[in-house]
Amino acid sequence: MIHPDPKIFREYDIRGNADRDLSDATVYAIGKAYASLLKESGGKRVALGQDVRLSSPRIARSMEDALLASGVDVLDVGKVPTPLLYFSLFKLPVDGGIMITGSHNPAADNGIKMAIGKETIFGSAIQEIRKRTSFAPSTNGHPSRKGVRTNSPIRETYLSEMAANFGKLPLFHNRPLRVVLDCGNGTAGLVAQDLFSPLGIELHCLYQDPDGHFPHHHPDPTVPENLSDLIAHVKKNQADLGIAFDGDSDRIGVVTESGHILFGDQLLLLFAQQVLESRPGSVILSEVKASRILYDEVARMGGKPLMWKAGHSLIKAKMKETKAPLAGEMSGHIFFADRYYGYDDALYAGIRLLELLTHRQKTLSELLAPFPKAVSTPEIRRDSTDDRKFLVVSRLREILLQKNYTFSDIDGVRIDFSDGWGLVRASNTQPVLVLRFEGPTPQRRDAIQQEIEALLSEAEKTLPQTS
């Protein structure tokens, strides 16, 4: 009987150390559990993809074996960015999909993202997978037929659709737009050249060769140090912008022509302005780490701003519920239901950004100039443990109530001040607390940070210490 570490079953995917947590036996049991859930929903055929991590082929094989043994047909889309797996749910005759990916986690980690129908599963459905995993060997009994495996490449279909939707972009100030892409040795390199070159831009690609060792830098564009090479090449090539992708290409990082890093909420604000012009009054969805400026400006532009929980599956479900045409997270997940399918695709978001610049004939700095300014920190990740991080947030909430602070607890605690805010939340993907602070000036931002960190330290000290 298999008893995987419960900690790998996270809010919206399964993730852990590839060797320790995702052994062949564990993955096989997870595959059998997923198959039982799929078949109960009437499904019998899934798309299966994998990223470029060194452990992904092994994990994909174990997953495929479990699905086939359960009588589920497998359409193998191969090594692809996660958005192409999502794309396959709309283009292939499948009832669900599985992506083997560790996203932006350390190179030794890996994970499993699962969809039933066209929607990724999360929350209670992930916990149902966990529960069934312990009984997976007998869950499906003896299917009347073994599943059939088919190679089903999706890359060319994706490239063709993007080329048809965007064509060749206008010139930028009477010349091709200059763009630097940092593929981070992840999955973006599998498609970047063929996806972006037909747009008629001047393209410079960094670290395009997929390599699960990630030899140049870790593929996580939310960490400023990981963008240093991109910034240097933007300046060297006098490029109009730089775009970076995470390991599985569902998160985007952007730097301006001067090398300034844009956070996800700033990027979402630019897209919101464009979307609201064609869809006035629409819901624009973001999460608890986003700037107050985003919500205020969406309202000013006639949209309906909505703050929700962080997490790609949670955001997609809320988008569907509210019929929002656009959503985004600080981490660089951007979701377009406007002219697209409503899932997070950093490659598509990158093209939409290039389209925006060439149609407006303005640089990123010029596009952002009219909006109010605030001073914020990047995401600060404070080491914790998977057990302790939620206890700390819960204790902090009690202290805030005792001291009459104003806060939201949609996801962690977001503490509001008249001129700023601060956030403390437990990450759903890593053993860390995620912090962010914003104020009108650096001094005020720092004061807010110091006040909240003092409260956080108080919360931590009043909990039992772990060994």
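Just the heavy atoms: all of them, side chains too, but no hydrogens, waters or symmetry mates, feed the values below.
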Keeping the roles fixed (side chain from Thr133, backbone from Ile129), state whether a donor-acceptor pair exists under 3.5 Å. yes
Under the side chain to side chain contact (heavy atoms under 4.5 Å, CB included) rule, what do Gln273 and Arg360 come out as? Steps first, then yes or no, please. CA-CA 12 Å; Gln273 185 180 38; Arg360 295 287 173 87; 3.6 Å; yes
Is Tyr158 close to Leu347 at the side-chain level, that is, under 4.5 Å between some pair of heavy atoms? yes
State the CD-SG distance between Gln193 and Cys205, to the nearest 0.5 angstrom. 4.5 Å
Quick one: do the Asn237 and Arg178 side chains pair a donor with an acceptor below 3.5 Å? no
Can a donor-acceptor pair be found between the side chains of Asp211 and His213 at a distance below 3.5 Å? yes
For the OH atom of Tyr343 and the OG1 atom of Thr120, what is their distance to the nearest 0.5 Å? 12.0 Å
Does Tyr86 have Lys316 sitting over its ring (NZ/CZ under 6.0 Å from centre, angle to axis within 45°)? yes
His333 and Asp344 side chains, donor-acceptor separation under 3.5 Å: yes
Here the gap from Ile261 atom CD1 to Thr256 atom OG1, rounded to the nearest 0.5 Å, amounts to 9.5 Å
Distance-only side-chain donor-acceptor flag, Asp51 / Ser56, under 3.5 Å: yes
Nearest heavy-atom approach of Trp421 to Asp416 is CB-OD1, 3.8 Å
Considering all heavy atoms of both residues, which atom of Gly259 and which atom of Lys235 are nearest to each other, and what is their separation? CA-CE, 4.3 Å
Over all heavy atoms of both residues, which pair between Val80 and Val77 is shortest? Give the atoms and the distance, please. CG1-O, 3.4 Å
Distance to the ring centre below 6.0 angstrom and angle to the axis at most 45 degrees; does that hold for Arg339 and Tyr348? no
Using modelled atom types only, decide if a donor and an acceptor are shared between the side chain of Lys373 and the backbone of Ala369 within a distance under 3.5 Å. yes
Is the side chain of Asp246 donor-acceptor paired with the backbone N or O of Arg251 at a distance under 3.5 Å, no angle test? yes
Is the shortest side-chain heavy-atom distance between Ser282 and Pro325 below 4.5 Å? yes
side-chain contact (heavy atoms from CB on, under 4.5 Å) against Pro219, all qualifying residues, sequence neighbours excluded: Phe214
Are any side-chain N or O atoms of Glu329 and backbone N or O atoms of Gly311, one a donor and one an acceptor, separated by less than 3.5 Å? yes
Judged by modelled atom types alone, do Asp240 and His173 share a side-chain donor-acceptor pair under 3.5 Å? no
Okay, side chain of Thr377, backbone of Phe437: is any donor-acceptor separation there less than 3.5 Å? yes
Are any side-chain N or O atoms of His218 and backbone N or O atoms of His104, one a donor and one an acceptor, separated by less than 3.5 Å? yes
As a quick check of understanding, evaluate side chain to side chain contact (heavy atoms under 4.5 Å, CB included) for Leu354 and Leu169, giving each step before the final call. CA-CA 8 Å; Leu354 305 188; Leu169 296 178; 3.7 Å; yes
Donor-acceptor check, side chain of Ser62 to backbone of Ile59, threshold 3.5 angstrom: yes or no? no
Does any non-hydrogen side-chain atom of Thr385 lie less than 4.5 Å from one of Phe390? no
Let's go through Asp338 and Arg279 carefully: what are the C-alpha distance in whole Å and the side-chain angles of both, what is the deciding distance for salt bridge (Lys or Arg N to Asp or Glu O under 4.0 Å) to 0.1 Å, and is it a yes or a no? CA-CA 9 Å; Asp338 173 68; Arg279 295 173 177 245; 2.8 Å; yes
Distance-minimising heavy-atom pair for Ala192 and Leu203: O-CD2, 4.5 Å
Without swapping roles, check the side chain of Ser103 against the backbone of Asn105 for a donor-acceptor pair under 3.5 Å. no
Under 3.5 Å, is there a donor on one side chain and an acceptor on the other for Thr462 and Arg395? yes
Between Asp409 and Arg397, is there a salt bridge with N-O shorter than 4.0 Å? yes
Gap separating the OG atom of Ser23 from the CZ atom of Arg58, nearest 0.5 angstrom: 7.0 Å
Would you mind checking if Asp411 and Lys309 are paired as a salt bridge, meaning a charged N to carboxylate O distance below 4.0 Å? no
State, yes or no, whether a side-chain contact exists between Leu241 and Leu177 at a heavy-atom distance under 4.5 Å. yes
Using only atom types and a distance under 3.5 Å, with no angle test, would you say the side chain of Glu366 pairs donor to acceptor with the backbone of Thr363? yes
Closest heavy-atom pair and its distance - Lys118, Phe90: CD-CE2, 3.4 Å
Measure the spacing between NZ of Lys79 and CD1 of Ile100 and express it to the nearest 0.5 Å. 13.0 Å
State whether a side-chain donor-acceptor pair under 3.5 Å links Thr82 with Asp250. no
Run the ring-centre check on Phe335 versus Tyr340 and record whether the distance is less than 6.0 Å. no
Within 6.0 angstrom of Glu277 CD, more than 12 heavy atoms from elsewhere: yes
The single option from Lys389, Arg388, Arg382 passing salt bridge (charged side-chain N to carboxylate O under 4.0 Å, His left out) against Glu460: Arg382
Residue set satisfying side-chain contact (heavy atoms from CB on, under 4.5 Å) with Glu128, at least two apart, ordered chain then number -> Leu37, Lys131, Arg132
Salt bridge Lys461-Glu458, side-chain N to carboxylate O under 4.0 Å: no
On a heavy-atom basis, which atom in Leu270 and which in Phe371 lie closest, and how many Å separate them? CD2-CE1, 4.1 Å
Indicate yes or no: at least one non-hydrogen side-chain atom of Thr187 is less than 4.5 angstrom from one of Phe245. no
Side chains of Arg53 and Thr101 only: does a donor on one sit below 3.5 Å from an acceptor on the other? no
Set out, in order, the CA-CA distance, both residues' side-chain angles and the distance that settles side chain to side chain contact (heavy atoms under 4.5 Å, CB included) for Ile284 and Tyr295, then state yes or no. CA-CA 9 Å; Ile284 304 296; Tyr295 297 105; over 6 Å; no
Going by atom types alone, do Thr222 and Arg381 pair a side-chain donor with an acceptor below 3.5 Å? yes
Which value, rounded to the nearest 0.5 Å, describes the distance between Leu326 atom CG and Leu285 atom CG? 9.0 Å
Would you please say whether a donor-acceptor pair under 3.5 Å links the side chains of His216 and Asn185? yes
Could you go step by step and tell me if Ile126 and Tyr12 meet the side chain to side chain contact (heavy atoms under 4.5 Å, CB included) rule? CA-CA 7 Å; Ile126 297 285; Tyr12 35 85; 5.8 Å; no
Between Glu379 and Ser331, is there a side-chain donor-acceptor contact under 3.5 Å, judged purely by atom types and distance? no
Under 3.5 Å: donor-acceptor pair, side chain of Thr26, backbone of Leu22: no
Salt bridge between Asp248 and Lys113, side-chain N to carboxylate O under 4.0 Å? yes
Whether Arg10 engages the ring of Phe122 as a cation-pi pair (distance to the six-membered ring centre under 6.0 angstrom, angle to the ring normal within 45°) should be assessed. no
Would you sort out whether Arg436 and Ser376 count as a side chain to side chain donor-acceptor pair (under 3.5 Å), showing the intermediate values? CA-CA 7 Å; Arg436 194 176 188 226; Ser376 59; 2.8 Å; yes
